[in-house]
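To keep things clear, I will list the structure first and then write my remarks on it.
Side chains included, hydrogens not; waters and symmetry mates left out as well; all remaining heavy atoms used. Because the structure is predicted, anything quoted here is derived from the model rather than measured.
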Amino acid sequence: MNLQRVLLHFSNLKPLLNVGYFFAYNPNVKVKIHAQLSNTLQIKTRQSFKLLTSINLPQPRISILKPRMLVISHQKFSFHSISQVKSYSSLAIKEKKKETTFIYMAKQARSQIFKIVKFTLTVMLIMIFIFYIAYRGFHLYIEYFLHPTSKKLSSEARNCLRGAYFREEMVADSEIAEIYLRRALEIAINKQNLNLDDPVVIDIWLRIAYNYVWTKKFEDASLVYRSVLELLLQSKNFKKAIEVSKKLAEVYINMKEFDNAEKCLCWSIEMLQLDEQEYDNKKNWIIDDNQSGNLEIPTSIFENSKIISEELIKCVDLLAGLYAQQKKFELALPLYLGILKMLQNQQKNQDQNRLKCWEAITMGHLGEVLYGVGKHDEAMGWMQQGLTISKNNSGNRDCDECSGVIFNNLGLIYEKNENFEVAKSLYNQAILYASKAQDFVGLDQFSLNLDRLISNEQQTTDFD
């Protein structure tokens, strides 16, 4: 009987033990139990211990804490009966697992995102650093090896000039080059207060004018060159003024304004005959629009070694070419002969290879002029002589370009004489030398001549 009472009381303790197991396996879960249930557990626990004491059973080795120590409040659960403890314990475990899985996945995702962002930022920083090093290195290369800029300008203006050079010589982007040049000009004039006739400002203006010529904006180029020329003459920078006058003449030739081109060239040649001490005695520094062309150049200038210079040779050659282009062969012929005489007299004191190329070019021009006046045999002789000189000095760009031009002219003559096989061979030689000289304009022209000849031969064959 006493044993049955003991078992009955222990059966009443079973829910309490389940709660203990629940908290043992779920230490972080707090369960709120109704106060009445708590009191019932306390009463039955005391009765059970009294019974154990009355039957003289051994003292239990475990000590049961008070229910308030075992059962703690929790916001999510509210038990109204002790039989719900097990079901809610399993539910809490499932919720815990779900929560733990979600938190783990979130942490993993956050870690991956952090790694991706860190990697992306690192790569971007490395790329920016590499780009900056390449940018600065390229600017330094241009500055010290290709196109030095004036130290008078600020770093921003010098960067603009180097950027313009890159787009002028390497990328061929005239619009961006002009933007850079005008920005550098604005900095030099407005921020650094440089004078308009300052050499640095003049050089920037000349680069802008050259950019116009490059894009075939000859009207704009002529306006810039004219303004620069007047500034140079006012500041009495005559050597630079002669150079600009020659460039202005080239622009006028492209515009088919031969009279203005002739005036510029005649003025340049007249100025080149003077010593620097005689410049101040010259009254009419500004080119007169009413000045007539057809300057009578005395033959003595071709023999006077004091006034012979590279610039004089270029101006006389350009003037002779202008007359030849207008078929004024009687004016062009003495100029070419005078240039040839100057070159032969100067070869003893200067770079012979360079002068040899100019000599070959002049002989080729003489051949063109003589052919124009009907002296075909004499013209062929001058061309062959010039071709021999230029071929012997192959490797020099001027000589290779000269060879291409003479081969093309000979091809035109043989094609006109209906000797098509020889003409075809000459055109091929012209293309070869133009490629060596990187004369792309000539290369296109010579290729067109060869294609035209081949096309005419095919048409003749089909007709026959």
Checklist entry - Does N393 reach the main-chain N or O of I389 with its side chain, forming a donor-acceptor pair under 3.5 Å? => result yes
Item to check | Verdict with reasoning, S390 to D400, per side chain to side chain contact (heavy atoms under 4.5 Å, CB included) | outcome: CA-CA 7 Å; S390 61; D400 288 334; over 6 Å; no
Checklist entry - How about Y210: does its OH atom have over 12 heavy atoms from other parts shown lying under 6.0 Å from it? => result no
Item to check | The single option from L229, D203, L233 passing side-chain contact (heavy atoms from CB on, under 4.5 Å) against K240 | outcome: D203
Item to check | Non-hydrogen atoms of I406 and A360 that approach each other most closely | outcome: CD1-O, 4.2 Å
Item to check | Gap between atom CG of L412 and atom CG of L426 - 0.5 Å precision | outcome: 9.5 Å
Item to check | Polar side-chain atom of N211 near backbone of S174 as donor-acceptor pair, under 3.5 Å | outcome: yes
Next on the checklist: Under a 3.5 Å distance rule, please check whether N417 uses its side chain to pair with a backbone N or O of N419 as donor and acceptor.
Outcome noted: no
Checklist entry - Are Y433 and F407 close enough that their ring centers fall under 6.0 Å? => result yes
Next on the checklist: Quick one, I202 and V228 - any side-chain contact, counting heavy atoms below 4.5 Å?
Outcome noted: yes
Item to check | Within-4.5 Å side-chain heavy-atom neighbours: Y252 and C264 | outcome: yes
Next on the checklist: So for atom CG, which belongs to D377, do other residues, nucleotides or ligands contribute more than 12 heavy atoms lying within a distance under 6.0 Å?
Outcome noted: no
Next on the checklist: Could you report the tightest heavy-atom contact between I176 and D173, atom names first, then the distance?
Outcome noted: CG1-OD2, 3.1 Å
Checklist entry - Should E359 and Q344 count as side-chain neighbours, where that means a heavy-atom distance under 4.5 Å? => result yes
Item to check | Sub-4.5 Å side-chain heavy-atom contact between E421 and E457 | outcome: yes
Item to check | SB check E143 R158 (cutoff 4.0 Å) | outcome: yes
Item to check | F329 atom CZ, neighbour heavy-atom count above 12 within 6.0 Å | outcome: yes
Checklist entry - Is the closest side-chain donor-acceptor distance between K191 and S154 under 3.5 Å? => result no
Checklist entry - Which distance, rounded to the nearest 0.5 Å, do you find between the CG of L432 and the CG of L443? => result 10.0 Å
Checklist entry - What are the two closest non-hydrogen atoms of F446 and A430, and how far apart are they? => result CD1-O, 3.5 Å
Item to check | Full working for side chain to side chain contact (heavy atoms under 4.5 Å, CB included) between L185 and L181 | outcome: CA-CA 6 Å; L185 188 64; L181 289 171; over 6 Å; no
Checklist entry - Given the rule in the side chain to side chain contact (heavy atoms under 4.5 Å, CB included) test, do E156 and R183 qualify, once you have shown the distances and angles that lead to the verdict? => result CA-CA 9 Å; E156 183 181 359; R183 176 58 182 165; 2.9 Å; yes
Checklist entry - Quick one: CG on L318 to CG on L335, what's the gap to the nearest 0.5 Å? => result 11.0 Å
Next on the checklist: Do E378 and L366 make a side-chain contact, defined as non-hydrogen atoms from C-beta onward lying under 4.5 Å apart?
Outcome noted: no
Item to check | Thiol sulfurs of C399 and C357 closer than 2.5 Å | outcome: yes
Item to check | Straight-line distance of H376 NE2 to K416 NZ, nearest 0.5 Å | outcome: 6.0 Å
Checklist entry - Near Q108 CD, under 6.0 Å, is it more than 12 heavy atoms from other residues, nucleotides or ligands? => result yes
Next on the checklist: Please determine whether the number of non-hydrogen atoms from other residues, nucleotides or ligands lying under 6.0 Å from atom CD of E330 exceeds 12.
Outcome noted: yes
Item to check | Salt bridge flag under 4.0 Å for residues E415 and R452 | outcome: yes
Next on the checklist: For a 4.5 angstrom cut-off between non-hydrogen side-chain atoms, does L312 reach M342?
Outcome noted: yes
Next on the checklist: Could you check whether any side-chain heavy atom of T120 comes within less than 4.5 Å of a side-chain heavy atom of I116, counting everything from C-beta outward?
Outcome noted: yes
Item to check | Derivation and outcome, side chain to side chain donor-acceptor pair (under 3.5 Å), residues Q234 and D197 | outcome: CA-CA 9 Å; Q234 290 173 7; D197 58 353; over 6 Å; no
Checklist entry - With no hydrogens and no angle check, do the side chains of Y323 and E262 hold a donor and an acceptor under 3.5 Å apart? => result yes
Item to check | Exam field: side chain S455 to backbone D451, donor-acceptor pair closer than 3.5 Å | outcome: no
Item to check | Full working for side chain to side chain contact (heavy atoms under 4.5 Å, CB included) between L333 and L370 | outcome: CA-CA 8 Å; L333 186 59; L370 291 171; 4.1 Å; yes
Next on the checklist: Checking the side chain of Y165 only, and the main-chain atoms of A177 only, is there a donor and an acceptor separated by less than 3.5 Å?
Outcome noted: no
Item to check | Ionic contact status for K436 with E401, cut-off 4.0 Å | outcome: no
Checklist entry - So, the side chain of D317 versus the backbone of I313: is there a donor-acceptor pair under 3.5 Å, distance only? => result no
Checklist entry - Is there a donor-acceptor contact under 3.5 Å from the side chain of S435 to the main chain of I431? => result yes
Checklist entry - Q384 side chain to A379 main-chain N or O, any donor-acceptor pair under 3.5 Å? => result no
Checklist outcome for this item: Nearest heavy-atom approach of A434 to G442 is CB-C, 4.5 Å
Checklist entry - Does Q326 reach the main-chain N or O of L322 with its side chain, forming a donor-acceptor pair under 3.5 Å? => result yes
Checklist entry - Got F114 and Q112 here, is their nearest side-chain heavy-atom distance under 4.5 Å? => result no
Item to check | Among K246, K247, K239, the one residue meeting salt bridge (Lys or Arg N to Asp or Glu O under 4.0 Å) with E243 | outcome: K247
Checklist entry - So, the side chain of N392 versus the backbone of T388: is there a donor-acceptor pair under 3.5 Å, distance only? => result yes
Next on the checklist: I'd like to know whether F218 forms a ring-ring contact (aromatic ring centres under 6.0 Å, His included) with Y212, so could you lay out the CA-CA distance, the side-chain angles of the two residues, the decisive distance to 0.1 Å, and finally the verdict.
Outcome noted: CA-CA 6 Å; F218 299 117; Y212 285 142; over 10 Å; no
Next on the checklist: Give me the atom names and distance for the closest heavy-atom approach of V369 to A332.
Outcome noted: CG2-CB, 4.2 Å
Item to check | Spacing of CD1 belonging to I142 relative to CG belonging to L161, to within rounding of 0.5 Å | outcome: 11.0 Å
Next on the checklist: Quick test of your reading of the model: are R397 and D439 salt-bridged, counting only N-O distances below 4.0 Å?
Outcome noted: no
Checklist outcome for this item: In short, S245 meets S268 closest at the heavy-atom pair OG-OG, 2.9 Å
Checklist outcome for this item: When rounded to the nearest 0.5 Å, the distance separating NZ of K152 from CG of L194 is 6.0 Å
Item to check | Test: E186 and R182 ion pair at under 4.0 Å | outcome: no
